[in-house]
Amino acid sequence: MKKFFAAAAAGIVILLCCGCQNARPERQQRVDTAMGTVVQLNIYTADRESRATEEILVLLRRLEEQELSRRLDTSEIWAVNEAAGSEEGSVLSPELSEILEDCLDVWRQSQGAFDVTMGPVVKLWDIDGWAAGENTGTFALPEEEALSRALKCCGSEKLQLEGTQLFMPEGMQLDLGAVGKGIALERILAYLEQDDSITGASVSVGGSVLTYGQKPDGSCWKIGIADPTGASDNIGILSLEGQWCVSTSGDYERYVELDGVRYHHIIDPVTGYPADSGVSGVTVLTRDGFLSDALSTACFILGSERGMELAAEYGAEVLFVKKDGSVVMSSGMARYVTLQQ
Ligand code: FAD
Ligand code: MG
């Protein structure tokens, strides 16, 4: 009798499994906002009751509010910035100390171009605020004295990170704006991987996109690379299979114009001014969300020649759109991209 029940139970399990596999995944879509940007979710799931899109948004908001935001007094970054200059410093969560180690690695490899301690200068310019129409009055360039004072507070060489213990000099402020969306993609990937009913997904958090698994019809994921010149919608289309991360940094979305000059949000740590390396947009393709986001910002500051070398050091593919509209890309990138005529 026991054997019968065991066999019957096994049969039920097998039938249930067959049932799961045969249920055709359906797409759940959602567009919302988080981290000051637009989030687009396309999830293919065999679970008709799936709450994946809601849960991913909760995960993103938690990441912003509890960990990464420099604007919200509920976040760990806020507390770390508040502790700048104190003797005790801060004890970081394991997650944040790992993120900071990774940021320091890209800082070293980019010879200081990518630097998450640029907070005081980023805040002084506040291009995000001006571009979002949050500020009143008229935009003006920061005064030279204020800029050089803010620059003196920056520089990752002044950070002391010993395990999870961090000391920052007074006035220093961390700003993870260049990697927050990439970190978000990593957290979303971990979520997708633990849900067996999800067979494929494409997720966009601002300019950073994650592809995962496959579509029910087996076709490739298609990701448009925006044309920074505005002459067309996309300068090219990436065709991807399986899991990838794609991030784009550019001077064409978050900027202010004054006397015919465009001031954007990516700052060259050498000058304290918006980076001017001859490129308008950089797209990086890697398997890793953090790296795609960090490298797109770093490569934008470094320009096409040095940026190409940096991407190669991390095994990432990269595409630059120069200010004259011409395109330069790594040889590996050419396998995935179709340029639009
Ligand atoms: P990226 O190239 O990825 O990053 C550019 C950003 O990196 C700059 O905006 C600056 O923050 C920083 N940066 C500048 N120079 C350097 C440098 N040399 N090295 C390293 N970093 C540099 N924006 C809002 O307007 N309102 C919000 O409420 C808001 N909340 C946010 C919350 C979180 C958790 C995060 C991560 C970002 C938030 N943002 C907000 C910021 C906004 O989304 C940023 O403009 C965005 O992160 C920049 O992304 P990007 O892809 O355009 O450019
Ligand atoms: Mg970035």
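Note that this is a predicted model, so its numbers are computed, not measured. Order of appearance sets the numbers: ligands from 1, and atoms from 1 within every ligand. Only heavy atoms go into these numbers, but all of them, side chains included; no hydrogens, no water, no symmetry mates.
When hydrogens are left out, the protein atom nearest atom 13 (N) of ligand 1 is V122 CG2, 4.1 Å; that is the closest non-hydrogen contact. With hydrogens left out, the protein atom closest to atom 48 (C) of ligand 1 is G177 O, 3.7 Å, a heavy atom. The protein heavy-atom contact nearest to atom 42 (C) of ligand 1 is R254 NH1, 3.5 Å. Annotation: atom 8 (C) of ligand 1 to nearest protein heavy atom, H265 O, 3.3 Å. For atom 19 (N) of ligand 1, the closest heavy atom belonging to the protein is D115 N, 2.9 Å.
Distances shorter than 4.0 angstrom occur between a heavy atom of P269 and an atom of ligand 1.
Counting heavy atoms closer than 4.0 Å to ligand 1, residue I267 contributes atoms from both its backbone and its side chain. Proximity of R71 to ligand 1, defined as any heavy-atom pair under 4.0 Å, is confined to the side chain (atoms from C-beta onward). Looking at E253 against ligand 1, nothing comes within 4.0 Å, counting heavy atoms. Residue contacts with ligand 1 for V179 are absent, since no atom lies close enough (heavy atoms, distance under 4.0 Å).
Taking every non-hydrogen atom of I301 and a distance limit under 4.0 Å, the qualifying atoms of ligand 1 come out as 17 (C), 18 (N). Ligand 1 places these atoms under 4.0 Å from at least one heavy atom of D293: 3 (O). Short contacts between ligand 1 and T297, defined as distances under 4.0 Å to a heavy atom of the residue, involve ligand atoms 1 (P), 2 (O), 3 (O), 4 (O). Close approach of ligand 1 to S249 is summarised as follows: ligand atoms under 4.0 Å from at least one heavy atom of the residue are 1 (P), 2 (O), 3 (O). For ligand 1, the atoms lying closer than 4.0 Å to a non-hydrogen atom of K181 are 46 (C), 47 (O), 49 (O), 50 (P), 51 (O), 52 (O). If you number the atoms of ligand 1 from 1 as listed, the ones under 4.0 Å from a heavy atom of D175 come out as 10 (C), 11 (O), 12 (C). For ligand 1, the atoms sitting less than 4.0 Å from at least one non-hydrogen atom of D128 are 9 (O), 25 (O), 41 (C), 44 (C), 45 (O), numbered in the order shown with element in parentheses. Listed by number with element, the atoms of ligand 1 under 4.0 angstrom from any heavy atom of G180 are 36 (C).
What you find for I301 and S277 is that their closest heavy atoms are O-CB, 3.4 Å. Considering all non-hydrogen atoms of both residues, G307 and L302 come closest at N-CB, 3.8 Å.
The Mg ion (ligand 2) lies at the vertex of an angle of 90° between the O atom of A178 and the O atom of D293 (rounded to 10°).
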Practice problem: Would you sort out whether Y191 and E55 count as a side-chain hydrogen bond (donor to acceptor under 3.5 Å, both in side chains), showing the intermediate values? | Solution: CA-CA 9 Å; Y191 174 91; E55 287 174 3; 2.5 Å; yes
Quiz item: Does the side chain to side chain contact (heavy atoms under 4.5 Å, CB included) test come out yes or no for K123 and Q173, once each step is laid out?
Solution: CA-CA 9 Å; K123 251 176 154 172; Q173 300 278 288; 3.4 Å; yes
Quiz prompt | Stepwise ring-ring contact (aromatic ring centres under 6.0 Å, His included) test for Y212 and W244 | solution = CA-CA 7 Å; Y212 172 79; W244 287 98; over 10 Å; no
Exercise. Report the C-alpha distance between I225 and I235 in whole Å, list the side-chain angles of each, state the deciding distance to 0.1 Å, and finish with yes or no for side chain to side chain contact (heavy atoms under 4.5 Å, CB included).
Key: CA-CA 6 Å; I225 301 176; I235 203 149; 3.9 Å; yes
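Judged by a 6.0 Å distance limit and a 45° cone about the ring axis, R71 is not positioned over the six-membered ring of W78.
For residue S249, no N/O/S atom approaches the Mg ion (ligand 2) to within less than 2.8 Å.
Between T248 and V282 there is no side-chain heavy-atom pair separated by less than 4.5 Å. Considering only heavy atoms from C-beta on, V318 stays 4.5 Å or farther from L285 through its side chain.
Taking the six-membered ring for Trp and thresholds of 30 and 60 degrees, F139 and Y263 have ring planes inclined between 30 and 60 degrees apart.
F300 and H264 have their aromatic ring centers within a separation under 6.0 angstrom.
Taking 4.0 Å as the cut-off between side-chain N and carboxylate O, D276 and R262 do not count as a salt-bridged pair.
To the nearest 0.5 Å, the span separating CG on L295 from OH on Y314 amounts to 6.5 Å.
Among E67, E95, E193, the single residue meeting the salt bridge (charged side-chain N to carboxylate O under 4.0 Å, His left out) criterion with R187 is E67.
The N/O atoms of S69, backbone and side chain alike, include none that comes under 3.5 Å of an N/O atom in ligand 1. For M35, a nitrogen or oxygen atom sits less than 3.5 Å from a nitrogen or oxygen atom of ligand 1, counting backbone and side chain alike.
One option in A178, S75, A113 has a heavy atom closer to atom 6 (C) of ligand 1 than any other, and that option is A178.
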